[in-house]
Amino acid sequence: MSYPVRRFDAVIVGGGGAGLRAALQLSKAGLNTVVLSKVFPTRSHTVAAQGGISASLGNVQEDRWDWHMYDTVKGSDWLGDQDAIEFMCRRAPEAVIELEHMGMPFDRVESGKIYQRPFGGHTAEHGKRAVERACAVADRTGHAMLHTLYQQNVHANTQFFVEWSALDLIRDAEGAVVGVVAMEMETGEVYILHAKAVLFATGGAGRIYASSTNAFMNTGDGLGMTARAGIPLEDMEFWQFHPTGVAGAGVLITEGVRGEGGILLNCNGERFMERYAPTVKDLASRDVVSRAMAMEILEGRGCGKNKDHVLLKLDHLGADKIIEKLPGIREIAINFAGVDPIKDPIPVVPTNHYMMGGIPTNYHGEVIAPQGEDYERIVPGFYAAGECACASVHGANRLGTNSLLDLVVFGKSAGDSMIEYIQSHQEHRPLPENAGEFTRARLERLENQTGGENVDQVRNDLQRMVQSHAGVYRTDALLKEGVEKVFEIAERVKRTEIKDKSKVWNTARLEALELDNLIEVAKATLVSAEARKESRGAHASDDHPERDDANWMKHTMYHADTNSLTYKPVHTKPLTVDYIEPAKRVY
Ligand SMILES: Cc1cc2nc3c(=O)[nH]c(=O)nc-3n(C[C@H](O)[C@H](O)[C@H](O)COP(=O)(O)OP(=O)(O)OC[C@H]3O[C@@H](n4cnc5c(N)ncnc54)[C@H](O)[C@@H]3O)c2cc1C
């Protein structure tokens, strides 16, 4: 055995909302649980979530969970699995009330109930009118949620390995997951963490793009480790672009701003969303608004001297409302755009924001690795939840506020599944003889490489390439060229070198190891996108402008080991209600 071994019931990789919700479940059940995180848990990207968490509480206007389900299916452009969507939307009210009881300080309406605001794509009676469904803590909802969950975990005695990075997954000869190889970042020591069950909750991978609202640590480590362990990645062509990133900086301006009444204007001062989505206008689904903005800019109606952005106007809301409901946004606008939104509009542009695809799971949080016609084949001992997982509730496009909900609903259900699995397996499955060898080879390659390429340079080239070949607008030619380029860059990744080894921090080693993950995510993205000859949700192809349900209502599975694609049917059967038939997605 190559590295020292430490043993746990459950290893959770990721201390964001999903990891912490699952950990709480396990620790409360008295299981020996450790959470690994590259950063202090409360610095995970969940902390940046602004706008809210959705639940059909109906505190402002009548609302129902099946309306929420309809909106989510429609938002997903009929690629979401309807069993998982029903599971999530039905449980949303109890999940939010559970957070409230844990101490999450939600904003309130007059009556004392939880405050709710409108959000893109949230409607009553199947699209008839906008409805207030997003429960919020000002514009810092994720911050409040993450701190609440962290404190609950401290109370439940969850162990934390802070500033530890998981490097690879360990599977035994039967394919079951039995642990991870991980590095303590401060010392550079590598350990094997032997577990009965492993959960990945490693968050998004927006850093494959040059311009993203995601934290720098969102490098898709969970996806990279999964792909290297021979498990396919699902629906990786679907990346959400948020309509309102601060132009030039990429920092997010929440949709909650439009929920509170903010509007988008082109250089003629026109509220152009009235043309693209006459009913809900600025509150159409994110892909619809992002494409409309890109159209305005392409057709010369962008603002600024380069005509490369549009404006988000909110001064008409009044200083009091901005200061009370959107204080963080005002701060961001002043710091990153140099404008005070009480007086001036904010320059905004569509920016990469969220990964709909990921590690394939069912709604119990169990990872599945389809083989042939066996689409539901489970990988024993392996679970995933949160943004790194694909359940798939978001399908081809996620509705705002459905991710925070996804974290707590599927974090909890994955935790429950793990408890059941761990309790029925008294003994740890043995580690394979060669556990850790693969990681050792990766680390040795990095130490011994000479005359190789600079990590930053290769990563920058990758990010710029993905940005221009797999952005909001896609064509066959752009994607085909992107596939060629990503494999050229993959060859360069194999030759990266840490310069001046004696003087560098372990963080430089980790950046090199993260690049191994980014490249897996980028390959999966380009190969999956190039193959899908239709437009659906966030995947909009100029050469195939229509959705093609006859041929493409299916999930993509990218297999890194063979660089090939297979497909898996969409779950069209909800758990208890009727199937929501495909319809044209207009807002
Ligand atoms: C700016 C912004 C605003 C958003 N606003 C909203 C919103 O209002 N509502 C909404 O529903 N959604 C929102 N989203 C989306 C939502 O916040 C994210 O999808 C969600 O928080 C992801 O949570 P997670 O638990 O999956 O991962 P994260 O919170 O990203 O946490 C990932 C964890 O994994 C750890 N990790 C990663 N790799 C490793 C490794 N190799 N080893 C050890 N640990 C590792 C990290 O340290 C971290 O603890 C927003 C996203 C962004 C970027």
Side-chain angles (χ1 to χ4, degrees), residues 11-23 34-55 117 119-120 134-137 139-143 145-146 149-150 160-169 180-185 193 199-207 212-225 240 242 244-246 250-256 259 286 328 332 351-356 358-359 384-389 394 398-408 410-411 510 513-514 516-517:
V11 167
I12 294 186
V13 183
L20 292 186
R21 185 63 195 83
V34 67
V35 174
L36 263 62
S37 178
K38 292 201 283 192
V39 295
F40 194 81
T42 53
R43 301 192 72 120
S44 304
H45 189 64
T46 300
V47 80
Q50 302 170 350
I53 173 168
S54 52
R117 58 166 57 119
F119 235 77
C135 311
V137 182
D139 52 4
R140 298 175 177 134
T141 311
H143 183 274
M145 183 171 128
L146 195 60
L149 288 170
Y150 177 67
F160 286 98
F161 285 4
V162 175
E163 298 193 357
W164 276 60
S165 183
L167 304 179
D168 281 300
L169 200 57
V180 297
V181 187
M183 181 189 279
E184 184 181 23
M185 287 158 65
L193 306 183
L199 173 84
F200 274 6
T202 54
R207 286 290 148 192
S212 172
T213 63
N214 282 200
F216 284 102
M217 77 191 120
N218 284 10
T219 48
D221 297 1
L223 280 73
M225 291 186 267
Q240 179 167 84
H242 196 291
T244 53
V246 173
V251 183
L252 178 78
I253 300 291
T254 174
E255 197 164 302
R286 287 183 181 168
I332 288 173
T351 303
N352 172 267
H353 183 54
Y354 184 85
M355 169 177 77
M356 269 74 72
I359 304 167
E387 189 167 338
C388 74
H394 310 301
R398 173 182 71 102
L399 287 190
T401 71
N402 264 352
S403 173
L404 289 188
L405 177 63
D406 163 353
L407 307 185
V408 285
F410 294 107
L510 278 164
L513 294 165
E514 284 173 345
D516 287 349
N517 300 321

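For ligands, and for the atoms within them, numbers begin at 1 and follow the listed sequence. Numbers here are sequence positions counted from 1. All figures in this text were calculated on a predicted structure; none of them were measured in a lab.
For Lys38 and Asp221, the salt-bridge test passes: some basic side-chain N is under 4.0 Å from an acidic carboxylate O.
Between Leu404 and ligand 1, a contact under 3.5 Å exists for at least one N or O pair. Backbone and side-chain nitrogen or oxygen atoms of Gly400 are examined, and none is located within less than 3.5 angstrom of a nitrogen or oxygen of ligand 1. The N/O atoms of Gly15, backbone and side chain alike, include one that comes under 3.5 Å of an N/O atom in ligand 1. Note: an N/O pair closer than 3.5 Å links Gly51 and ligand 1 by distance alone. Residue contacts with ligand 1: Cys388 is placed with no nitrogen or oxygen under 3.5 Å of a nitrogen or oxygen of the ligand (distance criterion only). Ligand 1 has an N or O atom lying under 3.5 Å from an N or O atom of Lys38, backbone or side chain.
Taking every heavy atom of both residues into account, Met355 and Gly203 meet most closely at CE-O, 4.0 Å. Shown here for Pro41 and Leu146, the closest heavy-atom pair between the two residues is O-CD2, 3.4 Å.
Classified by interplanar angle (parallel below 30°, tilted 30° to 60°, perpendicular above 60°), the ring pair His353/His242 is perpendicular.
Using a 4.0 Å cut-off between heavy atoms, Asp221 contacts ligand 1 through its side chain alone, with no backbone atom that close. Under 4.0 Å from ligand 1, the heavy atoms of Val13 that appear belong solely to its side chain. Looking at Met355 against ligand 1, nothing comes within 4.0 Å, counting heavy atoms. Heavy atoms of Leu252 found under 4.0 angstrom from ligand 1 belong exclusively to the side chain.
Listed by number with element, the atoms of ligand 1 under 4.0 Å from a non-hydrogen atom of Ala201 are 32 (C), 33 (C), 34 (O). Residue-ligand proximity, Thr401 to ligand 1, at heavy-atom distances under 4.0 Å covers atoms 9 (N), 10 (C), 11 (O).
Distance from atom 26 (O) of ligand 1 to its nearest protein heavy atom, with residue and atom name: Glu387 N, 2.9 Å.
A 6.0 Å sphere centred on CZ of Phe216 holds no more than 12 heavy atoms belonging to other residues, nucleotides or ligands.
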